[in-house]
Amino acid sequence: MEERIEHLTNWLRTKTEEAGADGLLVGISGGIDSAVVSYLIKRAFPENSLGVILPINKGVEDQTDALAVVEGAELNYVGIELTDAYQTTYDTIKNQLNEKGDWNNEKSQLGGANLQARLRMSTLYAVGNNYNYLVVGTDNAAEDYTGYFTKYGDGGVDLVPLINLRKEEVKEMAEALNVPDSIVHKKPSAELWEGQTDEEELGMSYDTIDAYLRGEKIDPEDEKNLKELHKKTEHKRQVPAGPERF
């Protein structure tokens, strides 16, 4: 695992140098994936790495897990509360669509969650521009295969060092990096809304997805659902589609 960590650390340095950037930043949620990336970018650029904590409907001081990550990694960080920016944008959209009679309340929860993710992405790039840092993503192999990320939200990044790691491997790497136990054993959640969990949204456990990615046999219904998820979310893993040249 130490060799894999060193491989990813060197890769991050190489890609940053190729881009002519001065360092790296990551949005820290308090989950295991962003924690591992935080420790990796600190290793890659001890003096030029940054964690960005972006709470919505909460204060920066309330992000205890995220703060534990930056403390454990000894990572420089900035906290930017986006509640007002999000609420203003969301209310403006809702009011305008209401006036047209087109507001779909059934889709509002997911739409709001995706708006939050895209607002955070825009903020990360604004901060990155200030420092000339690249934005590092946190998606792992299970999330990539299932499309469990917001297009142009948490999927809108420059580098994805964990993209080839199953969830179990991310956990192993977290333990090797000495990520706090409270983060390592935390129930995975994108925190799309209160009480939301990844596995509930996906309809299966990460253990099941990891087993499938290892090439093992899983429940036929789970396999069918996984393949359907993968096919349905193919557009998320591609650059915007364009027609063939006429």
Side-chain angles (χ1 to χ4, degrees), residues 1-12 24-46 49-80 117 120 124 136-146 148-149 154 157 159-202 204-214:
M1 185 53 71
E2 188 58 44
E3 289 179 1
R4 297 187 80 171
I5 290 170
E6 191 61 26
H7 169 73
L8 291 179
T9 302
N10 290 332
W11 178 81
L12 287 168
L24 301 169
L25 66 78
V26 62
I28 303 177
S29 66
I32 190 171
D33 301 301
S34 65
V36 168
V37 171
S38 296
Y39 279 68
L40 289 175
I41 67 171
K42 175 67 176 183
R43 280 193 174 211
F45 292 94
S49 50
L50 182 72
V52 188
I53 302 174
L54 301 169
I56 296 176
N57 297 323
K58 294 179 182 178
V60 173
E61 67 279 3
D62 299 322
Q63 307 304 293
T64 53
D65 287 336
L67 292 170
V69 168
V70 295
E71 182 179 347
E74 298 182 349
L75 182 66
N76 184 26
Y77 82 97
V78 60
I80 304 172
R120 289 186 172 111
L124 289 175
V136 185
T138 64
D139 291 335
N140 57 54
E143 291 166 340
D144 181 61
Y145 186 85
T146 58
Y148 191 66
F149 56 89
D154 51 319
V157 294
L159 303 173
V160 278
L162 308 184
I163 201 70
N164 296 316
L165 299 181
R166 298 184 301 273
K167 194 71 171 182
E168 62 189 355
E169 293 174 305
V170 174
K171 184 177 180 180
E172 290 172 17
M173 186 168 287
E175 291 171 339
L177 288 166
N178 294 317
V179 171
D181 284 344
S182 60
I183 308 297
V184 174
H185 301 293
K186 182 180 178 182
K187 199 163 191 174
S189 172
E191 298 184 352
L192 298 176
W193 47 79
E194 193 68 33
Q196 182 268 341
T197 67
D198 291 359
E199 293 177 329
E200 184 178 349
E201 282 297 294
L202 287 165
M204 66 192 76
S205 69
Y206 275 114
D207 287 344
T208 297
I209 300 170
D210 281 350
Y212 179 77
L213 294 177
R214 289 195 302 267

ask   = side chain to side chain donor-acceptor pair (under 3.5 Å) with Asp33: which residues, sequence neighbours excluded?
value = Asn140, Lys167
remark   = Tightest non-hydrogen contact, residues Ala66 and Ser29, listed as CB-C, 4.3 Å
note = Across all chains, not counting sequence neighbours, the ring pair (Phe, Tyr, Trp, His ring centres under 6.0 Å) partners of Tyr145 are Tyr212, His230
Any residue meeting side chain to side chain donor-acceptor pair (under 3.5 Å) with Thr138, in chain and number order, not counting sequence neighbours = none
query = Which residues satisfy the side-chain contact (heavy atoms from CB on, under 4.5 Å) test with Glu3, sequence neighbours excluded?
reply = none
task = With side-chain contact (heavy atoms from CB on, under 4.5 Å) as the test, would you mind laying out the steps for Ile56 and Arg120 before giving the verdict?
result = CA-CA 9 Å; Ile56 296 176; Arg120 289 186 172 111; 3.7 Å; yes
request  = Identify, with sequence neighbours excluded, every residue that meets side chain to side chain donor-acceptor pair (under 3.5 Å) alongside Thr9.
outcome  = none
Those residues that, when tested against Ala68, pass side-chain contact (heavy atoms from CB on, under 4.5 Å) (two or more places apart) = none
ask   = Who pairs with Asp207 by side chain to side chain donor-acceptor pair (under 3.5 Å), at least two apart in sequence or on another chain?
value = none
What donor-acceptor contacts under 3.5 angstrom involve side-chain atoms of residues 169-185, with partners at least two apart or in another chain?
residue : atom : partner : partner atom : Å
Glu169  : OE1  : Arg166  : N            : 2.7
Glu169  : OE2  : Arg4    : NH1          : 3.0

query = Shortest non-hydrogen contact from Pro161 to Gly137?
reply = CD-O, 3.7 Å
message = For the CG atom of Leu50 and the OG atom of Ser38, what is their distance to the nearest 0.5 Å?
response = 10.0 Å
Heavy-atom side-chain contact between Leu40 and Leu162 under 4.5 Å = yes
request  = Report the distance from atom CG of Asn164 to atom CG of Leu213, rounding to the nearest 0.5 Å.
outcome  = 11.0 Å
Residues that Thr146 engages under side-chain contact (heavy atoms from CB on, under 4.5 Å), provided they are two or more places apart = Tyr148, Leu202, Ile209, Leu226, Leu229
message = So which atom in Phe149 and which in Asp154 form the shortest heavy-atom distance, rounded to 0.1 Å?
response = CB-OD2, 3.3 Å
query = Can you name the closest pair of heavy atoms from Val52 and Leu124 and give their distance?
reply = CB-CD2, 3.6 Å
query = Any sub-3.5 Å donor-acceptor pair from Lys186's side-chain atoms to Asp65's backbone N or O?
reply = no
query = Which atom names give the shortest non-hydrogen contact between Met204 and Thr208, and what distance separates them?
reply = SD-CG2, 4.3 Å
Let me check something: any side-chain donor-acceptor pairs from residues 70-78 under 3.5 Å, sequence neighbours excluded? List them with distances.
none

message = As an exercise, state the distance from CG of Asp144 to CG of Asp139, rounded to the nearest 0.5 Å.
response = 7.0 Å
task = Measure the spacing between CG of Leu159 and CG of Leu12 and express it to the nearest 0.5 Å.
result = 6.5 Å
